Student: 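The structure follows.
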Amino acid sequence: MPRLAGPPSRAHRPVRRSLLAPVAAIAIALGLAACAPAGTAASVEVGADTIVVDVRTPEEYAAGHLDGAQLLDLTGGDLAAAVPSLDPEAEYLVYCRSGNRSSQAVALLERAGFTDVTDLGSLERAASATGIEVVTE
């Protein structure tokens with residue numbers, strides 16, 4: 001006679017446990033995908049009027065940066081000092097070394113009223129997303 005109530009039999013427990021691993025892997029993958037910086041795009045079209053901003057230090061910039069990028073060192077205060085002279089209606093693409101400073105820079109620009117700002121994350125991600133060559137000076 002089949003069981004109608006009560007806990008599942010021991011025969012069913014291994015099956016349920018074996019389903020937990022794939023479900024956990026999917027949940028972890030989805031959780032990690034959610035950790036990407038907001039506004040980060042896999043591929044970004046760079047228009048003629050797009051302003052690409054590197055918020056790293058001058059030393060990091062000299063070691064390699066996106067061709068044509070404007071250096072506005074976040075930690076040195078260059079970006080904050082430049083905000084009043086920047087066009088709040090322009091499109092900005094921002095990157096740094098790892099994505100930490102670029103996310104801070106995007107937040108600073110958005111608080112200042114800039115509406116078209118994209119966080120590209122690291123230099124490598126920025127180069128990949130934009131197709132712009134990394135150059136040294």
Side-chain angles (χ1 to χ4, degrees):
M1 193 154 152
R3 292 178 73 160
L4 299 176
S9 70
R10 288 190 182 267
H12 292 110
R13 286 185 185 153
V15 171
R16 193 173 351 159
R17 285 187 186 144
S18 68
L19 292 175
L20 289 179
V23 170
I26 292 169
I28 289 170
L30 291 174
L32 291 177
C35 292
T40 300
S43 179
V44 177
E45 182 126 0
V46 181
D49 296 331
T50 303
I51 301 167
V52 180
V53 180
D54 184 324
V55 295
R56 300 175 302 152
T57 65
E59 294 79 19
E60 290 171 309
Y61 183 86
H65 58 275
L66 295 186
D67 192 19
Q70 181 177 354
L71 175 63
L72 292 173
D73 182 1
L74 177 72
T75 55
D78 296 345
L79 179 62
V83 166
S85 65
L86 297 175
D87 178 4
E89 302 297 319
E91 176 187 12
Y92 293 89
L93 303 177
V94 183
Y95 72 93
C96 65
R97 183 181 54 85
S98 67
N100 182 27
R101 286 173 283 180
S102 62
S103 67
Q104 292 175 42
V106 166
L108 182 145
L109 291 170
E110 288 175 343
R111 283 192 307 270
F114 292 70
T115 57
D116 195 357
V117 184
T118 302
D119 181 359
L120 295 176
S122 70
L123 172 61
E124 293 78 17
R125 289 181 68 181
S128 176
T130 63
I132 300 174
E133 182 182 1
V134 175
V135 297
T136 57
E137 290 183 357

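The figures here come from the full heavy-atom set of this structure, side chains too, leaving out hydrogens, waters and symmetry mates. Every value quoted in this text rests on a predicted model; they were computed, and no experiment measured them.
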Student: Would you mind reporting whether Leu93 and Val44 have side-chain heavy atoms less than 4.5 Å apart?
Tutor: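 Val44 reaches Leu93 side chain to side chain.
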Student: Do Leu108 and Val117 sit in the same hydrophobic cluster, where Ile, Leu, Val, Met, Phe, Trp and Tyr count as joined when their side-chain heavy atoms come under 4.5 Å apart?
Tutor: yes
Student: Applying ring pair (Phe, Tyr, Trp, His ring centres under 6.0 Å), which residue pairs with at least one partner in residues 49-77 are found, sequence neighbours left out?
Tutor: Tyr61-His65
Student: Do any pairs count as a salt bridge (Lys or Arg N to Asp or Glu O under 4.0 Å) and have a residue in residues 102-118, sequence neighbours left out, and if so which ones?
Tutor: none
Student: Which pair of heavy atoms, one from Leu120 and one from Ala129, lies closest together, and at what distance?
Tutor: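 Closest approach of Leu120 to Ala129, heavy atoms only: CD2-CB, 4.3 Å.
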Student: I'd like to check the side-chain hydrogen bond (donor to acceptor under 3.5 Å, both in side chains) partners of Thr50; sequence neighbours left out, ordered by chain and number.
Tutor: Glu91
Student: Could you give all pairs that pass the salt bridge (Lys or Arg N to Asp or Glu O under 4.0 Å) test and reach residues 54-68, with sequence neighbours left out?
Tutor: Asp54-Arg56, Glu60-Arg97, Glu60-Arg101
Student: Counting N and O atoms only, with roles assigned by atom type, does the side chain of Tyr95 sit under 3.5 Å from a partner on the main chain of Leu66, one being a donor and the other an acceptor?
Tutor: yes
Student: Kindly state each residue pair satisfying ring pair (Phe, Tyr, Trp, His ring centres under 6.0 Å) with at least one member in residues 110-137, sequence neighbours excluded.
Tutor: Tyr92-Phe114
Student: Is it the case that one hydrophobic cluster holds both Val134 and Val46, taking links as side-chain heavy atoms less than 4.5 Å apart, direct or via other members?
Tutor: yes
Student: Is there a path of hydrophobic side-chain contacts, each under 4.5 Å between heavy atoms, that joins Ile132 and Val135?
Tutor: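 Unlinked, Ile132 and Val135 end up in two clusters.
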Student: Report all side-chain donor-acceptor pairs from residues 74-88 shorter than 3.5 Å, counting only partners two or more places apart or in another chain.
Tutor:
from: Thr75; atom 1: OG1; to: Asp73; atom 2: OD1; distance (Å): 3.1
from: Ser85; atom 1: OG; to: Ala82; atom 2: O; distance (Å): 2.8
from: Asp87; atom 1: OD1; to: Glu89; atom 2: N; distance (Å): 2.9

Student: Give, for atom OG of Ser122 and atom CG of Asn100, the distance between the pair rounded to the nearest 0.5 Å.
Tutor: 12.0 Å
Student: Of the non-hydrogen atoms in Val55 and Ala105, which two are nearest, and what is the gap between them?
Tutor: CG1-CB, 3.8 Å
Student: Show the nearest heavy-atom pair for residues Leu71 and Pro58, with the distance to one decimal.
Tutor: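 Here Leu71 and Pro58 meet closest at CD2-CA, 3.7 Å.
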Student: If you measure from CG on Asp119 to SG on Cys96, what distance do you get to the nearest 0.5 Å?
Tutor: 7.0 Å
